[in-house]
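By convention in this document, chain letters (A, B, ...) are assigned in the order of the sequence lines, proteins followed by strands, and residues within each chain are numbered from 1.
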Protein chains: 2
Amino acid sequence: MTDASSQDGRQALPELTAPDYVVLGMVRLGARSGYEIKQRVERSIRFFWTISQVQIYPSLGRLEQAGLITGADDPQGRRPRRAYAITGTGEAALRQWLHQAEPIPFELRDTGLVRLFFADALPPGEARELLTVIKQRSQDKLAALRAIESSADAARDKGDIYPLLTLQMGIGFHQAIIDVCQDFERKLREPYRV
Amino acid sequence: MTDASSQDGRQALPELTAPDYVVLGMVRLGARSGYEIKQRVERSIRFFWTISQVQIYPSLGRLEQAGLITGADDPQGRRPRRAYAITGTGEAALRQWLHQAEPIPFELRDTGLVRLFFADALPPGEARELLTVIKQRSQDKLAALRAIESSADAARDKGDIYPLLTLQMGIGFHQAIIDVCQDFERKLREPYRV
DNA sequence: TTCTCCATGTAAGTAGTTACATGATTGG
DNA sequence: CCAATCATGTAACTACTTACATGGAGAA
């Protein structure tokens, strides 16, 4: 879909991957170094995306080569650091990625829910323990999400409203899991039903 | 954590992975062939797990070698088929996997939400289109989940209650996403706020 | 006969991870 | 001076995917 023809003197884009666009988007939002990108990911999109430190630096290299960001050495004292900023081309490439219409798959991959699904293989007491663990996990996630609400609010005040939206989705859906767990626990306690 | 000491004459288990346990669990629930396992995964845990056809057969091989399932040739006419059943050892191994206490990470990985997070880079109209796409996607998932409610009900009637629970979680959390989207769309239509 | 479903397989590739390694700066 | 944080990198691995391939069975 991305036409990689070389209209200018730069390298043709080598089919950027989703993690590349995450890095690009974070640079756009003001993350300057690879280290800072990692931090921002942890503080914002962590509940629906992760990126390992290892893949950030090669990604920055590709983006710079493609002219989507510019990098400049910017040491802090004697500690080396490379500071990046997005270019006009980069802004356009990001918009193009965001805008493309192709269907967006939703693929969750969670061993916790898998284990819960198979919980009938356990004695009832142990199955309920597992249920508690799953509920607790979402409660923890919920707390973590509430803790970053302030940064999403700050982003909104700067004109970026969508980080707050995705945060609210995270809150909403972990709350939904907790609700289902509690509802189920109640039903288990009073088994007057069929 | 899994102690792979060989107490009997069989192969020591070569550290089974999560997909292996998914296959094992599906055999326990009555899936006989690799083909049927794939089908069952699609009809039950699909919203929080996928497995590709390719990885099922090697997995069945490992499980059989480890003595967790037994396989027998069971052709349908001249079409070959291998039918599997779980063993006592397999039941125990599954229970052990389900029961272990170690923290269960929750790692979602969804480009859709990532794109929504960065949507402020788009002109407002296009950002709202993206929001609509995300909402629609959850509505579709919701419909798909409601369509498999009958099999979860059937499982419950056979004594397996947890498939219904995880299904309700899927329903709950896609509903939560839809709710947040609609709430946000309302706010965008009437921007009387700060 | 043709289409859909049943049933299994191989080969090649990429995306991503964990583990390890290094060293400077800042704050207590 | 010690711990936490800042900042980047390398090497080895494993999990998983896509694409391709084959062919029988049953229904229209």
Side-chain angles (χ1 to χ4, degrees), chain A residues 1 13-23 26-27 31-43 45-46 48-64 69 71-84 102 105 107-111 114, chain B residues 1-2 13-23 26-27 31-43 45-46 48-64 69 71-84 102-103 105 107-111 114:
Chain A
M1 197 129 290
L13 335 180
E15 289 299 335
L16 297 180
T17 63
D20 289 328
Y21 286 106
V22 169
V23 169
M26 285 299 171
V27 171
R32 298 165 50 79
S33 64
Y35 185 87
E36 206 184 335
I37 288 168
K38 173 66 174 163
Q39 277 191 135
R40 287 211 179 214
V41 166
E42 293 302 307
R43 272 193 72 79
I45 61 175
R46 214 234 152 132
F48 51 83
W49 196 267
T50 39
I51 191 165
S52 83
Q53 176 257 115
V54 180
Q55 52 189 154
I56 291 175
Y57 296 95
S59 178
L60 284 167
R62 281 191 296 276
L63 293 170
E64 193 180 357
I69 57 176
D73 287 328
D74 179 30
Q76 302 301 99
R78 279 192 299 162
R79 184 204 299 153
R81 181 170 78 162
R82 196 159 172 88
Y84 295 92
E102 33 168 73
E107 300 294 355
L108 183 51
R109 195 170 186 82
D110 180 44
T111 53
V114 168
Chain B
M1 198 126 292
T2 304
L13 335 180
E15 289 299 337
L16 298 180
T17 62
D20 290 328
Y21 286 106
V22 169
V23 169
M26 285 298 171
V27 171
R32 297 166 51 79
S33 64
Y35 185 87
E36 205 184 335
I37 288 167
K38 172 67 175 164
Q39 277 190 136
R40 287 210 178 213
V41 166
E42 293 302 308
R43 270 193 73 80
I45 61 175
R46 215 234 152 131
F48 52 82
W49 195 268
T50 40
I51 191 164
S52 84
Q53 175 257 116
V54 180
Q55 54 190 151
I56 291 175
Y57 296 96
S59 178
L60 284 168
R62 280 192 296 275
L63 293 170
E64 193 179 358
I69 57 176
D73 286 328
D74 179 31
Q76 303 300 99
R78 279 193 299 161
R79 185 204 299 153
R81 180 170 77 161
R82 197 160 172 86
Y84 296 92
E102 32 168 72
E107 301 293 355
L108 182 51
R109 196 170 187 81
D110 179 45
T111 54
V114 168

Measure CD/Glu64(B) against P/dT8(C) and give the value in whole Å, please. 12 Å
Just to be sure I understand the rule, does Glu107(A) reach a base, reach only the sugar-phosphate, or reach nothing, if contact means heavy atoms closer than 4.0 Å? nothing
State plainly whether the residues Glu64(A) and Arg82(A) are in salt-bridge range, i.e. N to O under 4.0 Å. yes
Taking CD1 from Ile51(A) and P from dT17(C), how many angstroms apart are they, rounded to a whole number? 8 Å
Calculate the interatomic distance between Tyr57(A) atom OH and dG9(D) atom C1'; express it in whole Å. 8 Å
Distance, rounded to the nearest Å, where Arg79(B) contributes CZ and dA7(C) contributes C1': 6 Å
What contact category does Ser52(A) fall into here, base, sugar-phosphate, or nothing, at under 4.0 angstrom with non-hydrogen atoms? base
Going by heavy atoms in the side chains, are Thr111(B) and Val22(A) under 4.5 Å from each other? no
Lys38(A) has an atom NZ; how far is it from atom P of dG9(D), in whole Å? 16 Å
Looking only at N and O atoms, is any donor in the side chain of Gln53(B) or the base of dG9(C) less than 3.5 Å from an acceptor on the other one? yes
Tyr35(A) OH to dT26(C) P: how many Å, rounded? 14 Å
Proximal nucleotide (of dA15(D), dA7(C), dT8(D)) relative to the Thr17(B) side chain: dA15(D)
Nearest-nucleotide check on DNA chain C, Arg78(A) vs Ser33(B); residue mapping nearer the 5' end is Ser33(B)
Assess whether a salt bridge exists between Arg46(B) and Glu42(B), defined as any Lys/Arg side-chain N lying under 4.0 Å from an Asp/Glu carboxylate O. yes
Sorted by position of nearest nucleotide on DNA chain C, 5' first, the leading residue of Pro58(B) and Gly77(A) is Pro58(B)
Closest to the Val54(A) side chain: dT18(C), dC6(D), dT8(D)? dT18(C)
Nucleotide dT8(C), atom C1' - distance to CG of Leu60(B) in whole Å: 11 Å
At 4.0 Å (heavy atoms only), tell me whether Arg109(B) reaches a base, stays on the sugar-phosphate, or touches nothing. sugar-phosphate
Check Arg81(A) with Asp73(A), please: is the shortest side-chain N to carboxylate O separation under 4.0 Å? no
Consider the side chain of Gln55(B), meaning its heavy atoms from C-beta on, and name the nucleotide among dC6(D), dA11(C), dC16(D) that approaches it most closely. dC16(D)
For the pair made of CG in Asp74(B) and P in dA25(D), what is the distance, rounded to whole Å? 14 Å
Any side-chain heavy atom of Arg109(A) sitting closer than 4.5 Å to one from Trp49(B)? yes
